[in-house]
Each structure stands twice: as C-alpha cells, then as structure tokens.
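Just so you know, ligand 1 is whichever comes first in the structure, and atom 1 is the first atom listed for that ligand.
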Amino acid sequence: MTGVLLPACAIFFSGLLVFIYFSKQRINLLENKMYAVMILSILFDSILVTILQLFPLNGVSDLELTFVPLLNKIDFIFLILFCNCLFFYTTLVTIPKFKEKFKVYRIPFAIIDLLTVALILFSPISVINQGENYSVGGLSVYLVYILCLLYIMLSISIVLFNLKKIDRRHIPIFAIILIMIFIFILFQLNPYLIVISASLTFINYIMYFTIENPDLNHIKELNIAKEQAEKANRAKTDFLSNMSHEIRTPLNAIVGFSECMVDSNDLKETKEYATDIVDASKQLLEIVNGILDISKIEANKVEIIPKSYNPREIFDGLRKLVLPRIKEKPIEFKMTFSPDLPGILRGDVSKVKQIILNVLTNAAKYTDKGEIVFNVNCINRMDSKTCLMYISVKDTGHGIKKEKLETIFGKFERIDEDKNTTTEGTGLGLAITKSLVELMGGRITVFSKYGEGSTFRIYLEQEIISMEVPETEATEEEISYKEYPDKKILIVDDSKINLKVAQTLMKPYKTQIELAASGIEAIELVKTNKYDLIFMDIMMPKMNGVETLEKLREKEDFTTPVVALTADAIEGTDEKYLSVGFNSYLSKPIDRKALNKVINKYLGGK
Ligand code: ADP
C-alpha cells in the first residue's frame, strides 16, 4: 500500500496544475496546446497508477487478470502522449520555423504512435508480484520504453543541434531531459518504485514556471513588438533631428543674409548677400529633394521610367554641371567614352543622371588638387541588345579611411565632419545613389586610399536602341533672353509670393504679364482677354489647376498653351500633366533655363 503514496501525491499536484492552467485564458499557441496535453496526460497517468496500486492484488481472480493489464496498457498510451508532446514542445520552442510545417510533420509521428499503441494493445504484458508491490514486463512494456526513449533522444538532439547560443529557456529543457534519463535508470534498477507519475508531474511544474509558459510567451512577443516600434521611432527621431539640422543651416543663411540685405544701402554688398542667398537656397533645395528621394525610396514608391537618350550628350551635360563646382581649384577634369558606347540607349535617364552627378559632385567637393577622371566604358551584348555601362569616377582627393568605406553609403553619414565643415553636403547623396543603382539592378563599388584619392565604380545595364551616334545640337550655356513685348502672359497661382517670383523671373522677356490669384479669376480674365501663354499652379483651393484647365478647354476658341507650374516634383508627373491637357510642365522652384525653353517655344514659335 505504500506504493500508492507517490502517485496519489502526483494526482494532487497534477490536478492543481491542470486547475491553474485551465482557469486562465491562454493564447492559442501550438506549444500551449502541447503543454496542455502533457499536463492532462500525467494527471490521467497518476489516477491510473493510483488505482492500480490500490488494487488488492493477489493475481488469482479473472477480473485482476484482465483489468490490471488493461489499465496498464491505457496508462502506457498517456505516457507515449506525454513524450510525443514533450518532443513537439521542445522542437517548437527551439526551431520557431517548425510551426509552419507542424501540420505536415505531425502525421508520421501520429502514425508511429498509433501503430505502437495498436501493438501494445495486442502484445502480452506480464504482471510480476513481489509482496505488496508489483511490476509489469513483457513486449508491450518494452515497446513503450523504446518509443518514449526515442522521443527523449530526439528532443535532446533537436536542442543540441540547434544550439547556437544557450539561453534561459534551454536550461529547463536540459533539466527535464536529465530527470527523464534519471528516472529511466532508476526504474531499471528498481522496477517496484512508482516514481514515474511524480517525476513527470515535477517536470510539468518546471516547465510551467521556467519555460516559456503562455504568459512569458505573450510578454516576449509584446517585448519584441515594443522593441521594433522603439527602433523605428528612434530612427525617425534621428532622421528628423538630422533633417531639421540640415534644413536649418541653409535657412539660417537665407534669413540672415536677407535681413542684412534689407538693412544695406550698398549695392555691391547687397549683390554679395543675394549671391549667398542663392547658394544657400540651392543647397536647401538639394536637401529637400534628397529627403524626398530617400522617403520615396524607403516607401518603395520609386519607379523606373525608361526613356531613350544619347549617353554622350547626357554625360557631357553632367560634366558641364560639375565644372563650376571645381571653380578655381587646380583640378584637371578628364572625360573619356569608350568608342563602342551606343549612340542611343534606353533606361531611366533621370536616375542615371542623378547617380553619376552625385558621384561626380562628391569627387569635385572632396578633391583639392590633381585630377578627376570620368570614364565611361561598356560591354555591348548584341544578342540581348543590352549595354553594360561601366562608369568610373577617379579622383586625387581626400580619400576615405578603410573603416569608413562601408558607412559612407548610410543616411546622413558624413565622415571627417570637422574637416568637411567647409564642404557643404547632407550625407544623403551616396545613400540615395546606392539605392537607385540597386533599384536599377546595378552595383556601385568604392576603392579609396586615405589621403590619396578614391575611385567609385558604377555598373548599370541599359537597353541598346541604336549604335549610331546622333549629331548633337550645341546646348546653350548662358541664357540669352529674347524679348516679346507684344505677347501677353497670364500667371495663375494662389500664393502671392509665388506670383511675384514668377513675374520677376519673366521680367527680362518684356512681355505683358497679368496675374490671377485663383482658377475662377483666371477663367474670368480669359473671357475678356487673349493670352499667348498661361502658367497655371496646380494646387489651389476651391478650383485646382487641372479643373481650371478643364473649364478653360470647354471654351471652343481657347487655343492658348497652358504650362503646369507645380511643386509636385515627382518623376513621371510631367506625363501626368501632359495627359490631362497641359502643353508643358515646370516644377517649382522654377529653373530659369527650363523657363527660357518654354517661353521661347510658345512665344517665339520655336
Ligand atoms: P555628402 O552630402 O556629405 O557629400 P554623401 O552621402 O554624398 O554625402 O557622402 C558621404 C560621405 O562620404 C561624405 O561626407 C564624404 O566624407 C565621403 N565621400 C564621398 N565621396 C567622396 C570622395 N570622392 N572622396 C572623399 N570622400 C568622399
């Protein structure tokens, strides 16, 4: 009768655990389900073992001869269930990916379990009496041992093979495995000790308090979510504080010099302030564009818009843009094209320009003397009609320290800032460049020797349209203003400042200019006046530019060209505005050269 004590205790403790576990709402996780089955199995096992121990066993009655083996066999089923769930539990906790495949993997194990249970039910079991105690033997007992041992070994291997780093949750798993091995050995030494139920109950308790029980799991998931949110928030805060610093710097110059201009009576001084304001404004524009680019790239909103272009003309244009950056520095700028560079390529030319311009500008910024070599090579594959452009920009500038080479492609990453204080920059250029290159399926690399110079290489694949090099028109460097005194322009914008800016920029053309502060006003003016050209802002209250244009076009005799004027400088917008009926598109801030082209085209009939 003393043998009943341990299993009876196990009933009590297992019952308590089951009560605690099920009295609280749990998250519907697979490992929780496994755990629930484990504690229930041991509760039933304890009950069965206790009943068996209470049985006044003398091995003679028919009832005993059928009842005792049957109860034992049912008990074995619970033990198998426990070991199986322990194995699944360990696997789920150790290999999170197992969750996705659980439904598939559990099938072979279920088949093995069912086959073993069937075998157990039909195989012999012998009950061995020894005084008050008894033990069981025979084939069915060995089958249970083998299967349970197999599950324990599997659990150990799963933990050992996936043990990259031991963490807190592995310790109880090891403890459990050790206990199981211990009771297995103990049981072999003394089969009359009824320790299994009590030990397994103990294991269940260890698991409840130490392994990721449902509550801990929940907390862990919440913590991960919290960490992610905090990380995103930190990145945003860093970005914002960097951004506001970057924006404030040129703004400070703009506000400061403007105030000086208001106070100054000296024309020469005023001109100098104005030049500084223009420089600071251009820098501000660069920053705003950079931030918009980065945000668009990060929001996956950047599209590849392919167009045909003449690479020689484009690259030469970039050279002309970079030369003023070198100014009076003793730098020789060399540019070479591979002779087999196709005449016309097709690709996202504006991104190609942006990428190369960034790298060229950096070379100009971070080189004090020596040379900048801009090389365009290519490998043409005529079968697939593609050209792999291989562009390198080599300079004899400051160079970049080896350990900084990786970081320069990060956002707002500027190195040697103390040294660079005189060289303006945002630290966004290379981050944008790299993202754009990768978006286009290309690659960018950098080689640099600190103090000696750097070489940036860009690999981009473009479609070949024609190998023949077209004759290029000479591009005008300086704006020459033509005068159109008998022409009439209407500018429509709800912002007074913008009207003033546009009007001032158009002054050199000596045209007659009228202003409208809204779409409605513009429609009224058009009723009584004949204009040669209209510039129309898009974002206006009440009636926006597109709606105003629609109304204007309703008039049968309306033939005036209308140019969209907007701050919405997103790529692809030009097509958008052309498709809704605008004749042309200019983005704000208005570029004088672009404006010149538009005015000459519509007023000069060119
Ligand atoms: P920035 O606006 O500061 O130029 P970038 O992202 O274009 O930002 O470049 C990041 C940093 O990489 C720069 O601040 C500069 O320190 C370094 N760098 C980039 N190009 C060169 C170069 N050609 N020579 C030396 N340093 C360079």
Side-chain angles (χ1 to χ4, degrees), residues 238-239 241-251 253 279-298 318-319 321-327 329-335 351-375 391-439 443-458:
D238 285 354
F239 187 77
S241 76
N242 267 322
M243 196 171 86
S244 69
H245 170 257
E246 298 300 331
I247 290 177
R248 270 164 196 277
T249 313
L251 259 184
D279 285 348
S281 312
K282 282 189 181 156
Q283 201 198 338
L284 183 61
L285 182 63
E286 207 177 292
I287 294 167
V288 171
N289 283 340
I291 290 166
L292 287 179
D293 280 342
I294 279 281
S295 324
K296 268 195 285 170
I297 290 169
E298 287 182 351
L318 295 178
R319 180 185 62 91
L321 278 178
V322 175
L323 284 182
R325 288 265 186 172
I326 298 176
K327 284 182 197 149
K329 288 198 269 189
I331 298 173
E332 194 187 343
F333 190 100
K334 294 181 189 160
M335 180 167 82
K351 290 194 184 71
V352 172
K353 269 160 75 176
Q354 195 178 353
I355 290 164
I356 299 169
L357 188 63
N358 269 339
V359 175
L360 282 177
T361 314
N362 277 349
K365 276 198 298 195
Y366 302 109
T367 305
D368 297 328
K369 58 177 192 297
E371 58 176 23
I372 296 174
V373 186
F374 175 33
N375 237 316
I391 301 151
S392 72
V393 176
K394 189 166 176 264
D395 65 50
T396 52
H398 301 178
I400 303 156
K401 281 185 190 146
K402 211 173 162 196
E403 64 272 20
K404 297 284 181 189
L405 278 178
E406 267 311 302
T407 59
I408 55 167
F409 292 105
K411 266 179 291 175
F412 291 120
E413 282 293 350
R414 308 204 65 214
I415 50 175
D416 280 352
E417 258 197 272
D418 40 343
K419 229 188 196 177
N420 282 347
T421 42
T422 49
T423 319
E424 78 278 10
T426 58
L428 284 174
L430 285 179
I432 296 172
T433 306
K434 188 169 196 275
S435 306
L436 290 181
V437 170
E438 285 170 359
L439 193 79
R443 206 155 60 87
I444 179 165
T445 60
V446 53
F447 297 93
S448 191
K449 229 178 179 175
Y450 190 59
E452 288 185 20
S454 323
T455 308
F456 283 82
R457 293 208 173 94
I458 299 154

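In this structure, Phe409 does not count as a contact residue of ligand 1, since none of its heavy atoms falls inside 4.0 Å of the ligand. The shell of residues lying under 4.0 angstrom from ligand 1, judged by heavy atoms, includes Ser454.
For the pair Ile291 and Leu428, the minimum side-chain heavy-atom distance is below 4.5 Å.
A salt bridge is defined here as a Lys NZ or Arg NE, NH1 or NH2 lying under 4.0 Å from an Asp or Glu carboxylate O, and Lys434 with Glu438 meets this definition.
Only side-chain heavy atoms of Asp395 come within less than 4.0 Å of ligand 1; its backbone N, CA, C and O stay farther off.
In this structure a side-chain-to-backbone donor-acceptor pair under 3.5 Å is present from Lys329 to Ala364. In terms of modelled atom types and a separation under 3.5 Å, the side chain of Ser448 and the main chain of Gly453 share a donor-acceptor contact.
For the side chain to side chain contact (heavy atoms under 4.5 Å, CB included) test, residues two or more places apart in sequence or in another chain that qualify with Ala363 are Ile372, Val393, Asp395.
For ligand 1, the atoms lying closer than 4.0 Å to a non-hydrogen atom of Ile400 are 25 (C), 26 (N), 27 (C). Listed by number with element, the atoms of ligand 1 under 4.0 Å from a non-hydrogen atom of Gly429 are 5 (P), 6 (O), 7 (O). Short contacts between ligand 1 and Lys365, defined as distances under 4.0 Å to a heavy atom of the residue, involve ligand atoms 1 (P), 2 (O), 4 (O).
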